[in-house]
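What follows is a single structure, written as structure tokens, with notes after it.
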Amino acid sequence: MTSVTPEDFKGALGSWASGVTIVTTKLDGLVYGITVSSFSSLSMEPRLILVSLQDSNHLPHMIRKSKHFGVSILAAGQEGVSAYFSTSGRDPAPAFDGSFATENIRTGSPLIAGAVAQIDCELEEAVPGGDHTIAIGRVVGATFDATRLPLVYFRRAYRALNMDGQWQ
Ligand SMILES: Cc1cc2nc3c(=O)[nH]c(=O)nc-3n(C[C@H](O)[C@H](O)[C@H](O)COP(=O)(O)O)c2cc1C
């Protein structure tokens, strides 16, 4: 069997250009969230999305209990928000201490203000996936701002699109 080195795995997977999302939940009055690029649309009927969350982190365990989560698709210029939510060692707290605002739609999961889109979900299913949990969300609220451009992540760096679709 051919073994795939961590470098080849990361290099190949890092070639997938993605947006950047913040996945959050609220449990027993405490909020928490992490930066996530493994987000995908899953189903139209019913309206489902999925995210893949590493099991060493608080978030999949909190979501299994709270039964809801929010996905905010970050806008160009929100790199600082992504950096905040990808910092290790943070714990659930009554409020986030970063310089950004949050909003609620329906479930109480905090959604990032100024994002390109905000997607509020009830947990449909939590499926084991290696050292991650695939959280499948049933979308119960969604907003978007068609005037904003997305933050893009490619080859371990943040990128931005301009209106002509060129790399900046
Ligand atoms: C651009 C970017 C994308 C990420 N995507 C994911 C992801 O899809 N799933 C995940 O579990 N972690 C992802 N992470 C890592 C988590 O954000 C990070 O491990 C977490 O916030 C660190 O918390 P901890 O070390 O305290 O567990 C990503 C980080 C960055 C910067």
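Both counts, for ligands and for their atoms, begin at 1 and track the order of listing.
Separation of atoms CZ (Phe100) and CD1 (Ile22) is listed at 8.0 Å; rounding is to 0.5 Å. One finds the CD atom of Glu124 at 12.0 Å from the CG atom of Leu50 (value rounded to the nearest 0.5 Å).
Looking at ligand 1, you won't find any N or O of Tyr153 less than 3.5 Å from one of its N or O atoms. The shortest N/O to N/O separation between Ser37 and ligand 1 falls below 3.5 Å. Checking only distances, Leu53 never comes within under 3.5 Å of ligand 1, N or O to N or O. The shortest N or O to N or O distance between Ser88 and ligand 1 is below 3.5 Å.
The only option from Val140, Leu48, Ile49 that meets the side-chain contact (heavy atoms from CB on, under 4.5 Å) definition with Cys121 turns out to be Ile49. When each of Ile134, Val23, Ile136 is tested with Val51 by the rule side-chain contact (heavy atoms from CB on, under 4.5 Å), just one qualifies, namely Val23.
Nearest protein heavy-atom neighbour of atom 27 (O) of ligand 1: Asn57 ND2, 2.7 Å. Of the protein's non-hydrogen atoms, the one nearest atom 11 (O) of ligand 1 is Gln54 N, 2.8 Å. In terms of protein heavy-atom proximity, atom 26 (O) of ligand 1 is nearest to Gly89 N, 2.9 Å. Given atom 21 (O) of ligand 1, the protein heavy atom at minimum distance is Phe85 O, 2.8 Å.
In this structure, the side chains of Arg155 and Ser15 come closer than 4.5 Å at one or more pairs of heavy atoms. The shortest distance between side-chain heavy atoms of Asp120 and Ser109 falls below 4.5 Å.
Those atoms of ligand 1 that come under 4.0 Å of a heavy atom in Ser38, given as number and element, are 7 (C), 8 (O), 9 (N). Each of the atoms 21 (O) of ligand 1 lies under 4.0 Å from some heavy atom of Arg90.
Neither the backbone nor the side chain of Phe39 has any atom closer than 4.0 Å to an atom of ligand 1 (non-hydrogen atoms only).
Residue Asp91 qualifies as enclosed at atom CG: its count of foreign heavy atoms under 6.0 Å is above 12.
Between Val20 and ligand 1 there is no heavy-atom distance shorter than 4.0 Å.
At least one donor-acceptor pair closer than 3.5 Å links the side chain of Thr35 to the backbone N or O of Ser82. No donor-acceptor distance shorter than 3.5 angstrom exists from the side chain of Thr25 to the backbone of Ile63, with no hydrogens or angles considered.
Looking at Ser52, Ala157, Gly33, Ser56, it is Ser52 that brings a heavy atom closest to atom 9 (N) of ligand 1. With atom 6 (C) of ligand 1 as the reference point, the heavy atom nearest to it among Ile34, Thr35, Ile22 is part of Thr35.
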